[in-house]
Protein chains: 2
Amino acid sequence: MVFMERVRPFSQVLERLRSVGLRPTRQRMALAKLLFDGDDRHVTAEMLHSEAVKSRVRVSLATVYNTLHQFTDAGLLREVVVDIGRSYFDTNIKDHHHFFHEQTKQLEDIADDRIEIGALPPPPAGTEVSRVDVIVRVRENNN
Amino acid sequence: MVFMERVRPFSQVLERLRSVGLRPTRQRMALAKLLFDGDDRHVTAEMLHSEAVKSRVRVSLATVYNTLHQFTDAGLLREVVVDIGRSYFDTNIKDHHHFFHEQTKQLEDIADDRIEIGALPPPPAGTEVSRVDVIVRVRENNN
DNA sequence: GTGTTTGCAAAGTGTTTGCAATTTA
DNA sequence: TAAATTGCAAACACTTTGCAAACAC
């Protein structure tokens, strides 16, 4: 039972895919397990692909890209833009913000309630807010 | 005299380049005029290059990239990352945040004092904050 | 069986780089 | 004329696309 909490049971991943209308193919199941088992994470397509290859999952990079976008469209992932030419996908889909480590290019969550944004100005006429991203860029300090 | 206020005098652009230790070449002078004459703006390399070409300034795209980065390093511009695979450069170097129009991919300034960030969490151990970016992503609403 | 998904390779996009030719001081 | 800058073309990193083969239902 303790074990079952730790490794997300097969049927749960399967159910998650079914619930958003995606066929539970071998590739999607494997990628979903890598993404959603365990703690929240921030991955790029390349990272997830090489991780898949390492764990002997046969999947192409193109399929990893497709899958990440399908998961994002389905609301299972959130895309985060912090660095030119590189897309991060965050398994944490709750409202929250990020530290971005400029040197290591690592993303780190900030719990939403740690940042207060008071008095957001009204969006330009004819538009509505789709999302507010706060990126706290950090760098190694010299201590 | 009124005219002189409107079009930034030659010597002012020249002085600006000199003051950051960049040789005032024909290309840099022309790009600086396009960037810093008139209101604040958000440009991509491609945008600035085609604008230069349109105003009969002979300059290569590679030089536009180099120049934008040199200006950024010199503190004359600020790079803004909001969209994968596309860098924006902002002539407004004061602290401020942005609206990003997801459909038109347009950036728009928000004056700094319009956004209150209270209680920023402490940065991860060993790091210091280099910058805080707030991106308010907006989209066309259906009214 | 039929429609969906996959993998490959090719193409696309935005950016950077190496280096000879040109320009600046 | 010595050092900095430019422009070209090639290389680059990441992402998307077209399409035939494989797969899910």
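Heavy atoms only: backbone and side chains are in, while hydrogens, waters and symmetry mates are out. All figures in this text were calculated on a predicted structure; none of them were measured in a lab. Every chain is numbered from 1 and lettered A, B, ... according to where its sequence line falls, protein lines coming before strand lines.
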To the nearest 0.5 Å, tell me how far A:Phe71 CZ sits from A:Asn66 CG. 11.0 Å
To the nearest 0.5 Å, tell me how far A:Leu77 CG sits from A:Leu35 CG. 5.5 Å
Pairs flagged by salt bridge (charged side-chain N to carboxylate O under 4.0 Å, His left out) wherever residues 101-110 of chain B is involved - sequence neighbours left out: B:Asp83-B:Lys105
Which pairs with one or both residues in residues 67-76 of chain B pass side-chain hydrogen bond (donor to acceptor under 3.5 Å, both in side chains), sequence neighbours excluded? B:Arg28-B:Gln70
Could you pull out every donor-acceptor pair under 3.5 Å between side chains of residues 56-64 of chain A and any protein atom, sequence neighbours left out?
unit_1  : atom_1 : unit_2  : atom_2 : d
A:Ser60 : OG     : A:Thr63 : N      : 3.2
A:Ser60 : OG     : A:Thr63 : OG1    : 3.1

A:His96 and A:His42 aromatic ring geometry - parallel, tilted or perpendicular at 30°/60° bounds: tilted
Crowded around B:Glu116 CD? As in, over 12 foreign heavy atoms under 6.0 Å? no
Per-residue pairing states of DNA chain D in dot-bracket (Watson-Crick or G-U under 3.5 Å; . unpaired, | other strand) read |||||||||||||||||||||||||
Between residues 61-84 of chain B and DNA chain D, which residues have a heavy-atom gap below 4.0 Å? B:Ala62, B:Thr63
Can you sort out the partners of B:Arg131 under salt bridge (Lys or Arg N to Asp or Glu O under 4.0 Å), two or more places apart, ordered by chain and number? B:Asp133
What residues 48-59 of chain A contributes to the DNA chain D interface at heavy-atom separation below 4.0 Å is none
B:Val20: what forms a side chain to side chain contact (heavy atoms under 4.5 Å, CB included) with it, not counting sequence neighbours? B:Leu22, B:Ala74, B:Leu76
5' precedence on DNA chain C between B:Ser87 and B:Gln27 (nearest-nucleotide basis): B:Ser87
When you group the ILVMFWY residues by side-chain heavy-atom contacts below 4.5 Å and let the links chain together, are A:Val138 and A:Tyr88 in the same group? no
Salt bridge (Lys or Arg N to Asp or Glu O under 4.0 Å) with B:Glu140: which residues, sequence neighbours excluded? none
Taken to the nearest 0.5 Å, the spacing of B:Ser130 OG from A:His101 NE2 works out to 10.0 Å
Nucleotide D:dC14, atom C1' - distance to CZ of B:Arg86 in whole Å: 14 Å
Which residues share a ring-ring contact (aromatic ring centres under 6.0 Å, His included) with B:Phe99, sequence neighbours left out: none
Report yes if some heavy atom in the side chain of B:Arg86 is under 4.5 Å from a heavy atom in the side chain of B:Met47; otherwise report no. no
Examine distances only and state if a side-chain atom of B:Thr91 and a backbone atom of B:Arg41 form a donor-acceptor pair shorter than 3.5 Å. yes
Identify each atom pair where a protein N or O and an N or O of nucleotides 21-24 of chain D are less than 3.5 Å apart, giving names and distance.
none

For DNA chain C, note the earliest and the latest nucleotide, 5' to 3', having some atom under 4.0 Å of a heavy atom belonging to chain A. C:dG3 to C:dC8
